[in-house]
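Predicted, not measured: the structure shown is a model, and the values here were computed from it. Letters A, B, ... mirror the listed sequences (proteins, then strands); counts begin at 1.
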Number of protein chains: 2
Amino acid sequence: MLRAATRLLRRGGLAAAGVNRIVAESGAPKGSLYHFFPDGKDQIAREALAAYAERVAARVRERLEPMMGDPAAVVRGFFAMGAEAARRSDYALSCPAGAVALDLEPDDAELRRACDGVFARLADELVAVLAVLPAARRAPFAGLMVSTMQGAYIRARAARSLAPFDEAGEQLALLVPTLRATTTQGNRR
Amino acid sequence: MLRAATRLLRRGGLAAAGVNRIVAESGAPKGSLYHFFPDGKDQIAREALAAYAERVAARVRERLEPMMGDPAAVVRGFFAMGAEAARRSDYALSCPAGAVALDLEPDDAELRRACDGVFARLADELVAVLAVLPAARRAPFAGLMVSTMQGAYIRARAARSLAPFDEAGEQLALLVPTLRATTTQGNRR
DNA sequence: GCGTTACTAGACCGATCGTTATAGAAACCT
DNA sequence: AGGTTTCTATAACGATCGGTCTAGTAACGC
């Protein structure tokens, strides 16, 4: 059921993940939804996002850990993962956290934090596989990668093209030598 | 009325821009909606996106053209614009095209193209103000900037922080020297 | 066996969705 | 003024939304 919720969230954000559609697509028992998720839709979305965070973090580590010695390869590999997800779903599936974040009403504080948690979890994983970079550079660069990945999902869907992923991977990889060369004391401003 | 539609799209994507909410918030005559927009919600969204594209392109040019000689300043200025929009709306308003793109059902071909048009228009404007860069580098870098901006909107909203904009601006600015130095024949792969 | 709890089916609620229909007011042409 | 077109108000449509409720079955402790 959480799996169906995640897929619908990835497809069209909060709006597409109606409770009726979730139970319909999941084939799960319809009456038991509010038994396991007493708080309703918000709780489903929250837990789906939390589960997604762990799953995607694990996949990132599994796939990028072998390239730890070559940060540029890590960058390219990261965006290749996004491209693959987009291609395999014919541009239907994006990151659920991104889709939800843009659907948020200002009062959905918990859901907002759940989205933030996904990004934070992802950035942490990237920091780990970017260990070769100077310490002070890792976190901002990981954040940049996460942001760019979210945007690439958006643009890829709009253009029905994988170019945004390739574009992002190639160019952010170009940034790696600069990040390696610059020591902490050499930071701009 | 298009203005109200745009604001609602920026706030929460297609789902938040219900026709009733549009007429309510716009104060516009309620009965006349389907007189001016016979195709209904899709048409409103399409025209709102088209109008937004022109407006944001004009603002980008107006604000960044003075810095054309310094691409790094252009980059920082671009993301400062995003940060300002997010800050002024208390993280409520993002790019409508991004929000709509992640809400799209696969059959909304026209709306998808409208989103793509916004990104293309924006990238074109960035290419124009990045004229100092080598020609072959401009378009991909402009695309990267657009993608990263979309992602920064997402992460800023999730984190309720402007850090993603600063992060993006600072680091993409670091990429400028590399792009300037590398000639066309020096392209990787 | 029984009693209790965990779970499920499905109808049902009011609200809101996008859209259409009807009918009346405003504006315009001559 | 009369007639025509343009616009507006309001009600209503069926569909779907998130959520509740009741009745019932399945599973378990004892």
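With sequence neighbours excluded, no residue forms a ring-ring contact (aromatic ring centres under 6.0 Å, His included) with Phe141(A). Take Phe78(A) and apply the ring-ring contact (aromatic ring centres under 6.0 Å, His included) test, not counting sequence neighbours, and it matches no residue. Residues that satisfy the ring-ring contact (aromatic ring centres under 6.0 Å, His included) test with Tyr52(B), not counting sequence neighbours, are absent from this structure.
In this structure, Lys30(A) atom NZ and dT22(D) atom C1' are separated by 17 Å, rounded to whole Å. At whole-Å resolution of the value, OH in Tyr34(A) and P in dG19(D) are 4 Å apart.
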Could you list the donor-acceptor pairs under 3.5 angstrom formed between side-chain atoms of residues 125-132 of chain A and any protein atom two or more places apart in sequence or on another chain?
from      : atom 1 : to        : atom 2 : distance (Å)
Glu125(A) : OE1    : Arg121(A) : NH1    : 2.6
Glu125(A) : OE2    : Arg61(A)  : NE     : 2.4
Glu125(A) : OE2    : Arg61(A)  : NH2    : 2.7

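Sorted by first and then second residue, the salt bridge (charged side-chain N to carboxylate O under 4.0 Å, His left out) pairs with a member in residues 96-107 of chain A read Glu105(A)-Arg21(B); sequence neighbours excluded. The stretch residues 155-168 of chain A participates, sequence neighbours left out, in these side-chain hydrogen bond (donor to acceptor under 3.5 Å, both in side chains) pairs: Asp90(A)-Arg160(A), Ser94(A)-Arg157(A), Arg155(A)-Glu167(A), Arg155(A)-Ser147(B).
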- [ ] Take Leu172(A) and Gln171(B) through the test side-chain contact (heavy atoms from CB on, under 4.5 Å) and record every step on the way to the result.
- [x] CA-CA 9 Å; Leu172(A) 290 195; Gln171(B) 296 192 77; over 6 Å; no
TODO: Assess whether side-chain contact (heavy atoms from CB on, under 4.5 Å) is satisfied between Val176(B) and Arg180(B), documenting all intermediate values.
DONE: CA-CA 6 Å; Val176(B) 166; Arg180(B) 292 186 91 149; 4.0 Å; yes
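Counting Ile, Leu, Val, Met, Phe, Trp and Tyr side chains that sit under 4.5 Å apart, directly or through other members, Leu93(B) stands alone, with no cluster partners. The hydrophobic cluster containing Leu33(B), built from Ile/Leu/Val/Met/Phe/Trp/Tyr side-chain heavy atoms closer than 4.5 Å, also comprises Met1(B), Leu2(B), Leu8(B), Val19(B), Ile22(B), Val23(B), Tyr34(B), Phe36(B), Phe37(B), Ile44(B).
On the nucleic acid side, DNA chain C has its first and last nucleotide under 4.0 Å of a heavy atom of chain B at dC17(C) to dT20(C), going 5' to 3'.
The number of heavy atoms from other shown groups lying within 6.0 Å of CZ (Arg3(B)) does not exceed 12.
Taking CG of Leu175(B) as the start and OG1 of Thr178(A) as the end, the distance is 7.0 Å to the nearest 0.5 Å.
Near-neighbour residues of DNA chain D inside residues 13-21 of chain A, defined by a heavy atom below 4.0 Å, number-ordered: Ala17(A), Gly18(A), Val19(A), Asn20(A), Arg21(A). Remark: nothing in residues 102-117 of chain A comes within less than 4.0 Å of DNA chain C through any heavy atom. Of the residues in residues 36-48 of chain A, those placing a heavy atom less than 4.0 Å from an atom of DNA chain C are Phe36(A), in numerical order.
For the pair Glu84(B) and Arg63(B), the salt-bridge criterion is met [side-chain N within less than 4.0 Å of a carboxylate O].
Within the 4.0 Å cut-off from OP1 or OP2 of dC7(D), not a single side-chain nitrogen or oxygen of Ser32(B) is found.
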